[in-house]
> 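This is the structure I have questions about; it appears just below.
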Amino acid sequence: MISEHTVEPDLRTITTHCPYCAFQCSMDLAGTPDDLQIIGSASFPVNKGALCIKGWTAGAALAHPERLRTPLMRGADGELHPASWEAALERIAQAFLDTRAAYGPEAVGIFGGGSLTNEKSYLLGKFARVALQTPNIDYNGRFCMSSAAAASIRALGIDRGLPFPLEDIAGAETILMLGSNSAETMPPIMQYFEAQRENGGKLIVADPRLTPTAQRADLHLRLIPGTDAALANGLLHILVRDGLIDADYIAERTEGFEPVRNLVATYWPERVERITGVPEAQLLRAARMLGSAASAMILTGRGAEQQSQGVNNVLSFINVALALGLIGHPNSGYGCLTGQGNGQGGREHGQKADQLPGYRLITDPAARRHVAAVWGVDEESLPGPGKSAYELLDSLGRPDSDGSSGVRALLVMGSNVVVSAPNVINVEKRLQSLDFLVVSDFFLSETAALADVVLPSAQWAEEEGTMTNLEGRVIRRRRAFVPPAGVRDDVTTICKLAWLLGKGSHFDYSDTGEIFAELGRASAGGPADYSGITYDKIEAQYSDGARGIFWPCPGPDHPGTPRMFADGFPTASGKAKFHAVRHAAPAEEPDAEYPLYLTTGRNLAQYQSGTQTRRIAELSEMTPMPLAEMHPLTAQRYGIGDGDPVRVCTRRGAADFTVKITRNIREDTIFAPFHWGGMQAVNRLTNPALDPTSRMPEFKICAARIETISPVIPAKAGIQ
Ligand SMILES: Nc1nc2c(c(=O)[nH]1)N[C@H]1C(S)=C(S)[C@@H](COP(=O)(O)OP(=O)(O)OC[C@H]3O[C@@H](n4cnc5c(=O)[nH]c(N)nc54)[C@H](O)[C@@H]3O)O[C@H]1N2
Ligand SMILES: Nc1nc2c(c(=O)[nH]1)N[C@H]1C(S)=C(S)[C@@H](COP(=O)(O)OP(=O)(O)OC[C@H]3O[C@@H](n4cnc5c(=O)[nH]c(N)nc54)[C@H](O)[C@@H]3O)O[C@H]1N2
Ligand code: SF4
Ligand SMILES: [Mo]
């Protein structure tokens, strides 16, 4: 069993990584939680000393006055009251046991997150399958890069967001980015694009908005939301027509090109201009920039992925990368820019509904045998696949279509779903209809406020573990401080609950290193093989400047794999696969009643559902409220001025914003960020239409109309 806390002396310098995004900047911490100095670690080869404003200010959440410092339990009066850990954990265990007795094990569900360390992600997956024996575990990564993941697995046999180190960006002659605004979402990455430009390289950005990222590009393709696959097919049409494809590579390293060639023949430039809104001349220029380059990269962000066609969009761009012979060549390839701190590792070790550790499928008999042996359980006792994130949320508290009970008790760890899931009006209702909800968080998030039991969790600088960054580089998160009295780390919480559920012997660890070693054994032989990585090996790499180890790392002497696909693809044939994918309309398109596209995304100074960043004064001052971006001509049509309050309505509901008038957006599109809750939650509006393969919701497109309203009172930081 994990000891409560190993006491670390405060007041010292320790090197760890940022709590927020997948760039995982290394930072040196000095001081105490009340007075913390954070500087970017100059020697870490990823951020090279740079941090963004969120990283600089990350310390403010540690000693924040609103931080949860004791468990809370809902009393007979309907309010949350402070409670002891013993009482809270017993209530949770009893609720899980009662639910299981009444409705069966699948009626208990877990919703995890991509901010959890590898150790916690792995334990949560094991807890679901071994302690609860429920198939119903999924996580917020389903809302993040699941479309890119599914497409990469289909086409390339494996999903590692970037299959090459970031430094390769600097050497690429041409880069095409689809729906990524990394100047705001991972600012320190821009140093690689600067270096690329200094080396004479060119950048193309496809985005309905002229974002800060697109402003740095040589060519901005201001496409109509939801037309990414048509753009890809149109580019490939020109590349084939103009003889710019790599016939040798296609013959030797790929299969399935002919149907793609036939399909893209129908995507002539004039037609693609009509579908995408991108002028023919720009299509030609983009195709030439890609096709004539000695090295080129295609990178996707959430813009192209968070669609009901997300998998097809990514497949269509992988087609372009394969036809040009890019994948596996120096300073070239296809990559997905992963989002959350452990967005990569969090998707590999069992938080997904259909997954076992090492990126194995829970339906694969060999994988089940292997993992059951590592866990010391009977193979038959492992459940099958469960429901995907939105389907899980939508099933809460009501019977399934097959008459079974649906999920009636839920543990949420690392997500704030009433802000960040699509169609949150429905999600909130579903959460309220549960028999029992428990949420672990640092603060009383909007989701925690609905819970029967709230558990206060240790934060990044108070815990040990590993994270896997956007490059697949496994790094160490180190503890600098003891958590405040009354706060526990999630590892301790999960293990204690397992004991109370009678499965403690499977959750008996002396420290997180032991959990990581077990994760390594469970992942051995799987696609994401960590078996050759140990804490000591990562630490040794830190001291010689290499800094972290790239998976797959299948043995103790293996150095890790910074670059993949140089010699082949991990598919049955060893070849990459083309997929002939037509573009298709989004699930909802503008019409007379809802005449505008609504798209959603991020601001520089806020992070995700805002639980952390809305509580940090500097960040809230920079970005105090959600702004709905609108073109001046659109605003004029509605008689709206800059700074006016506006109500945006869709078929799901209404939400309130302040208008920002900008020429940097298409006339037919409005954009709003999703970092706020309540009436300011853009997810009151979004469409939960799912991609048929990845089950990714269509966060990036729905049809909307706008109404003018009386002034919005700016929300106070932290409390909405
Ligand atoms: N500041 C900040 N940084 C973050 C985060 C944060 O919340 N705040 N979150 C982290 C996480 S988890 C993630 S996943 C990443 C996300 O990082 P990004 O993918 O860069 O972020 P988004 O703003 O969601 O979407 C990117 C762009 O997609 C565009 N877009 C909208 N619709 C379409 C379309 O149909 N096609 C195309 N091609 N583009 C479209 C939007 O205009 C937007 O500029 O950021 C990470 N970093
Ligand atoms: N409209 C719209 N909606 C979106 C998106 C979009 O582009 N548009 N993007 C989607 C994407 S890409 C993502 S990744 C999701 C993210 O949305 P969420 O899943 O809500 O992500 P966070 O806000 O990071 O939520 C994490 C919560 O867990 C807490 N937390 C963080 N780390 C830990 C931990 O280690 N332990 C515990 N116990 N708690 C922790 C935080 O305080 C926070 O309350 O939103 C999705 N929703
Ligand atoms: S939020 Fe991302 S880019 Fe900003 S400091 Fe943290 S890891 Fe670096
Ligand atoms: Mo994400």
Side-chain angles (χ1 to χ4, degrees), residues 17-25 27 40 47 50-56 58 61 111 113-117 120 139-141 143-145 177-182 184-189 205-209 211 213-214 221 223-228 231 300-307 313 337-341 343 412-417 419-422 439-443 445-448 455-460 463 469 489-490 493 586 597 599-613 665 669 671-675 681-683 685-686 697 699-701:
H17 294 269
C18 177
Y20 302 119
C21 86
F23 211 68
Q24 281 300 288
C25 293
M27 41 174 61
N47 58 311
L51 298 175
C52 80
I53 179 82
K54 298 185 295 303
W56 290 115
F111 200 98
S115 56
L116 306 178
T117 58
K120 295 199 285 192
Y139 80 125
N140 68 7
F143 299 156
C144 190
M145 26 23 55
M177 285 174 104
L178 294 306
S180 162
N181 179 18
S182 46
E184 290 194 87
T185 54
M186 26 189 84
I189 202 178
V205 172
D207 194 305
R209 301 187 300 146
T211 58
T213 315
L221 310 176
L223 81 177
I224 296 171
T227 61
D228 296 80
L231 175 66
T300 57
R302 298 309 81 79
E305 299 166 15
Q306 287 173 326
Q307 301 185 21
N313 289 345
L337 295 165
T338 292
Q340 298 183 85
V412 177
M413 186 174 275
S415 186
N416 186 8
V417 287
V419 175
S420 56
V439 176
S440 167
D441 208 307
F442 320 135
F443 295 101
S445 70
E446 287 80 355
T447 306
L455 298 175
S457 165
Q459 291 193 36
W460 58 288
E463 66 174 5
N469 82 347
D489 62 74
D490 298 318
T493 300
Y597 288 101
T599 190
T600 68
R602 292 162 168 81
N603 295 139
L604 169 65
Q606 294 291 348
Y607 189 71
Q608 312 275 66
S609 70
T611 310
Q612 293 144 282
T613 51
I665 188 163
T669 304
F671 169 91
F674 78 100
H675 310 296
V682 77
N683 280 322
L685 309 174
T686 47
F699 286 118
K700 287 294 189 264
I701 310 150

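When a ligand or atom number is given, it counts from 1 through the structure's own listing order. All of these numbers come straight from a predicted model, not from anything done at the bench.
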> I need the protein N, O or S atoms closer than 2.8 Å to atom 4 (Fe) of ligand 3, given as residue plus atom name.
Cys52 SG

> How does Ser415 reach ligand 2, if at all, at less than 4.0 Å between non-hydrogen atoms: by side chain, backbone, both, or neither?
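Both the backbone and the side chain of Ser415 come within reach of ligand 2.
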
> Taking atom 9 (N) of ligand 2 as the point of reference, which of Gln608, Gln340, Arg602 owns the nearest heavy atom?
Arg602

> With heavy atoms only and a cut-off of under 4.0 Å, state how Thr599 meets ligand 1: side chain, backbone, both or neither.
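It is the side chain that gets close, since no backbone atom is under 4.0 Å.
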
> Which of the numbered atoms in ligand 3 are below 4.0 angstrom from a heavy atom of Gln24?
7 (S)

> Any non-hydrogen atom of Met145 lying under 4.0 Å from ligand 1?
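In this structure, Met145 fails to qualify as a contact of ligand 1 - no heavy atom is under 4.0 Å.
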
> Could you work out, for atom 39 (N) of ligand 2, the closest of Ala681, Ser440, Ser609 by heavy-atom distance?
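It is Ser440 that holds the nearest heavy atom.
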
> Under a 4.0 angstrom heavy-atom cut-off, which atoms of ligand 1 come close to Asp207?
27 (C), 28 (O), 29 (C), 41 (C), 42 (O), 43 (C), 44 (O)

> Hey, is Ala206 touching ligand 1 through its side chain, its backbone, both or neither, going by heavy atoms under 4.0 Å?
backbone

> Looking at ligand 1, is there an atom of it that comes within less than 4.0 Å of some heavy atom belonging to Glu305?
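Heavy atoms of Glu305 never come under 4.0 Å of ligand 1.
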
> As a check for students: among Thr493, Asp441, Thr117, identify the option with a heavy atom nearest to atom 44 (O) of ligand 2.
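Minimum heavy-atom distance to atom 44 (O) of ligand 2 goes to Asp441.
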
> Taking distance alone, with N or O pairs closer than 3.5 Å, would you say Glu463 contacts ligand 2?
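The answer is no, given that Glu463 and ligand 2 share no N or O pair closer than 3.5 Å.
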
> As a check for students: among Gly179, Ser115, Pro456, Gly343, identify the option with a heavy atom nearest to atom 31 (C) of ligand 2.
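Going through Gly179, Ser115, Pro456, Gly343 one by one, Ser115 has the nearest heavy atom to atom 31 (C) of ligand 2.
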
